Peer 1: 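So that we are looking at the same thing, I have put the structure below in structure tokens.
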There are 2 protein chains.
Amino acid sequence: MPPTAFEPHDHSSCVSDGVAAVERHCAEHKLQFTKVRRRVLEILLNQHKAWGAYEILDKLREEGLGSQPPVAYRALDFLVSHGFAHRIERLNAFIACTHFDTHHAPAFLICRSCNRVVEAESDPRAGELGRAAQSAGFVIERTVREAEGLCPACVGRASA
Amino acid sequence: MPPTAFEPHDHSSCVSDGVAAVERHCAEHKLQFTKVRRRVLEILLNQHKAWGAYEILDKLREEGLGSQPPVAYRALDFLVSHGFAHRIERLNAFIACTHFDTHHAPAFLICRSCNRVVEAESDPRAGELGRAAQSAGFVIERTVREAEGLCPACVGRASA
DNA sequence: CACAGATCGTTATATAATTACAGGAGACGT
DNA sequence: ACGTCTCCTGTAATTATATAACGATCTGTG
């Protein structure tokens, strides 16, 4: 499953499918998918970039959905805690989850030029972190794996 | 090379060896290892935990070495940019480098209970990130790999 | 309806980081 | 020694990110 967001794709389905999947999941698990939460998810899905909480808040404010930081942070907390979105530590920003079904430990590729971010599936026990943890007797609960660099399009542009 | 900071060790040598190594490196590369920079490195080396910039600033202030945020941030920038310290994105905090010689892409194990942080050596091209990057044609420039969980001592304490 | 728990609106505050600019100390060529 | 260049320092102000606290309102359920 190669990352797709760096490639042209039918983006409108990213939004509609994402919202639909979360809607379904919330219905099944009796979670309240409220207006603000839905709107924040839509905003996140709207571009494959990481959104700062205050960028989202600005949008909400324009639309009359809330004007104070806790409004945005609460919606983001909800989305993140249920796996509908992820926090990108490197950017202090948030992105919609694109591997929603699988129970995952995500890894991210962040293009510093066009700011697009792609989520890759990963196994938390694999790789350096897992190996180091095992040899140290460390129990991993959560991992942060983020790579910053240039996406294929921007590499081409730079070397051209 | 198993991580050592989770185990008992002669900690005074962590500080003195660390400072000496950086001192040598600065001399060789004509870098100015000024009073503030040295002191910040000592503070970082003093405990195997991640220090917030403002914690460091408080210490500097007590000692009359500076009172405004840029003093701490500038010293930290120097240390990080030359590989003498690392930033832990997950904690918005900084830690002294313990694998100083090797040109590295560090990974970290963060104990959420005792707050100790251990640096593990790693190969940026290995693991999930490298694989994902390669298949996407993404060029990695920098990676963030941080695992949060419980160190051996705290696991024992919790299950006891 | 009445209740409990979740969610929301708002004010205030905490924490983290940067910008901007003036001054100082050392390196270096002349 | 003199200017001058560069890097480093001191400080004020501001921006960015995130949380605390609290009362009001909504939602599902008996």
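Each chain gets a letter, A, B and so on, in the order the sequences are listed, and its residues count up from 1. Being a predicted model, the structure only gives us computed values, none of them experimental.
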Peer 1: Test question: given the 4.5 Å side-chain rule for I, L, V, M, F, W and Y, name all other residues clustered with B:L91, or answer none.
Peer 2: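 Direct or chained contacts put B:L91 with B:I88, B:I95, B:F108, B:I110, B:V117.
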
Peer 1: Please check this pair: side chain of A:R39 against backbone of A:L65, looking for a donor-acceptor N/O pair closer than 3.5 Å.
Peer 2: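 No; judged by distance alone, with no hydrogens or angles, the pair does not exist.
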
Peer 1: Who are the side chain to side chain donor-acceptor pair (under 3.5 Å) partners of A:E148, not counting sequence neighbours?
Peer 2: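 Scan of A:E148 (side chain to side chain donor-acceptor pair (under 3.5 Å), adjacent residues dropped) gives A:R90.
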
Peer 1: Check side chain to side chain donor-acceptor pair (under 3.5 Å) between A:E55 and all other residues, then give those that pass, not counting sequence neighbours.
Peer 2: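 Expected list: A:K49.
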
Peer 1: What pairs with A:R116 under salt bridge (charged side-chain N to carboxylate O under 4.0 Å, His left out), at least two apart in sequence or on another chain?
Peer 2: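 Per chain and number, A:R116 pairs via salt bridge (charged side-chain N to carboxylate O under 4.0 Å, His left out) with no residue.
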
Peer 1: What is the distance from CD of B:Q32 to C1' of C:dA27, rounded to the nearest Å?
Peer 2: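 Roughly 9 Å, once rounded to whole Å.
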
Peer 1: Round to the nearest Å and state the distance from B:K35 atom NZ to C:dA25 atom P.
Peer 2: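 After rounding, the reported distance stands at 12 Å.
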
Peer 1: Between the side chain of B:E146 and the main-chain N/O of B:E89, is any donor-acceptor distance below 3.5 Å?
Peer 2: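 Confirmed, B:E146 side chain pairs with B:E89 backbone.
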
Peer 1: Please round to 10 degrees the angle between the axis of the first five pairs and the axis of the last five pairs in the helix from C:dC1-D:dG30 to C:dT30-D:dA1.
Peer 2: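 The helix from C:dC1-D:dG30 to C:dT30-D:dA1 shows an end-to-end axis angle of 30°.
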
Peer 1: C:dT10 P sits how many Å from A:L65 CG, rounded?
Peer 2: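 Distance check: A:L65 CG to C:dT10 P gives 12 Å.
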
Peer 1: List in chain and number order the residues that pass side chain to side chain donor-acceptor pair (under 3.5 Å) with B:Q68, two or more places apart in sequence or in another chain; answer none if no residue qualifies.
Peer 2: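 Partners of B:Q68 under the side chain to side chain donor-acceptor pair (under 3.5 Å) test: none.
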
Peer 1: Taking side chain to side chain donor-acceptor pair (under 3.5 Å) as the definition, give me every residue that meets it alongside A:R74, ordered by chain and number, with sequence neighbours left out.
Peer 2: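 Testing A:R74 for side chain to side chain donor-acceptor pair (under 3.5 Å), a comparison that skips the adjacent residues, returns none.
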
Peer 1: Output the residues of residues 68-91 of chain B in contact with DNA chain D, where contact means a heavy atom of the residue under 4.0 Å from an atom of the strand; sort by number or write none.
Peer 2: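 Listed by number, they are B:Q68, B:P70, B:V71, B:R74.
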
Peer 1: Which pairs pass salt bridge (charged side-chain N to carboxylate O under 4.0 Å, His left out) with one or both residues in residues 13-32 of chain B, sequence neighbours excluded?
Peer 2: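 Residue pairs passing salt bridge (charged side-chain N to carboxylate O under 4.0 Å, His left out), neighbours aside: B:E23-B:R38.
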
Peer 1: Just how far is it from atom CD of B:E119 to atom OG1 of B:T98, taken to the nearest 0.5 Å?
Peer 2: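 Here the rounded value is 4.0 Å.
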
Peer 1: Can you tell me if B:H25 uses its side chain to pair, donor with acceptor, with the backbone of B:A21 under 3.5 Å?
Peer 2: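 No; zero donor-acceptor contacts below 3.5 Å.
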
Peer 1: Check every nucleotide of DNA chain D for an atom under 4.0 Å from a heavy-atom of chain B, then give the first and the last such nucleotide from 5' to 3'.
Peer 2: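 Listing 5' to 3', DNA chain D meets chain B from D:dC7 to D:dA12.
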
Peer 1: Name all pairs fulfilling the ring-ring contact (aromatic ring centres under 6.0 Å, His included) condition that reach into residues 55-77 of chain B, sequence neighbours left out, sorted by first residue then second.
Peer 2: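 For residues 55-77 of chain B: none.
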
Peer 1: Can you sort out which residues in residues 40-54 of chain B have a heavy atom within less than 4.0 Å of DNA chain D? Ascending by number, please.
Peer 2: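 Those residues: none at all.
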
Peer 1: When you match A:S67 and B:A93 each to their closest nucleotide on DNA chain C, which lands nearer the 5' end?
Peer 2: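 The 5'-side residue here is A:S67.
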
Peer 1: For the pair made of CG in A:L60 and C1' in C:dG9, what is the distance, rounded to whole Å?
Peer 2: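 My rounded result for the distance is 13 Å.
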
Peer 1: Please check if the distance between the ring centroids of B:H48 and B:H9 is under 6.0 Å.
Peer 2: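 Distance test on ring centres: under 6.0 Å, yes.
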
Peer 1: If I take atom CG in residue A:L31 and atom P in nucleotide C:dA6, what distance separates them, rounded to the nearest angstrom?
Peer 2: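 Interatomic distance, CG of A:L31 to P of C:dA6: 11 Å.
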
